[in-house]
Amino acid sequence: MSDDIRRNMALFPIGIVMKLTELTARQIRYYEQHELIFPARTEGKQRLFSFNDVDRLLEIKALIEKGLNIAGIKQVMSLEQSEPVKTEITATSEQKRKELTDKELHQLLKQQVVNTGVSRTGDNALIRAELSRFFH
DNA sequence: CTTCTGACA
DNA sequence: TGTCAGGA
């Protein structure tokens, strides 16, 4: 797995990352404070980002744009790297939902969040209800 | 010139 | 989140 070291190899300063991710330095530093990313540091305290860090930032950016806050992103990202639960349960019904385990529910939430996005005005009842249960 | 931390008119 | 300060 020598490719892993390449991906986690700290290479670029925040300036490059800003252009690569379209995020402001403020946001990048903010996300780091909230442990969404952990860039390496030079002796002079300069942040050095790896390819993986950039990928994470892009995911974070996508989730932010879908209306999630730090808490929501943390959970969505920390859970299952894989996604066994397919679209079959996308249209979960009330009854079937009660049978789901918390793990499955989380995966389902991630899918819906990633595919649908969270409505800040609250028009998606199902997602709304579950988000309040897990993200609040 | 670029980045860093802390703070808030 | 933006932005400015003051230092590295």
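Scope of the values below: all heavy atoms of this structure, side chains included, with no hydrogens, waters or symmetry mates. Naming convention: chains lettered A, B, ... in sequence-line order (proteins, then strands); numbering from 1 in each chain.
Within the 4.5 Å cutoff, side-chain heavy atoms of A:L63 are placed close to those of A:V76.
Residues that satisfy the side chain to side chain contact (heavy atoms under 4.5 Å, CB included) test with A:Y30, not counting sequence neighbours, are A:R26, A:Q33, A:H34, A:I70.
Taking CZ from A:R29 and CD1 from A:I14, the interatomic distance works out to 4.0 Å, rounded to the nearest 0.5 Å. Taken from CD1 in A:I16 to CG in A:L48, the straight-line distance is 11.5 Å, to the nearest 0.5 Å.
Only A:T24, A:R26, A:Q27, A:Y31, listed by number, bring a heavy atom of residues 16-35 of chain A to less than 4.0 angstrom from any atom of DNA chain C.
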Give the dot-bracket string for DNA chain C, reading 5' to 3', where a pair is Watson-Crick or G-U wobble with both distances under 3.5 Å, ( ) marks pairs inside the strand, [ ] marks pairs crossing earlier ones, | marks a partner on another strand, and . marks unpaired.
-> .|||||.|
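A:G15 comes within contact range of the sugar-phosphate backbone alone, with a heavy-atom separation under 4.0 Å but no base atom that close.
Nearest heavy-atom pair, A:L58 versus A:T21, reported as atom, atom and distance to 0.1 Å: CD2-CA, 3.9 Å. Heavy atoms only, all atoms of each residue included: A:P39 and A:R47 are closest at CB-CG, 4.0 Å.
What separates CD of A:Q46 from P of B:dC1 is a distance of 16 Å, to the nearest Å. A:I14 places its CD1 atom 9 Å from the C1' atom of B:dC4, with the value rounded to the nearest Å.
The main-chain N or O of A:N52 is never found under 3.5 Å from a side-chain atom of A:D55 such that the two would form a donor-acceptor pair.
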side-chain contact (heavy atoms from CB on, under 4.5 Å) evaluation trace for A:I60 with A:I37 = CA-CA 9 Å; A:I60 293 170; A:I37 54 173; 3.8 Å; yes
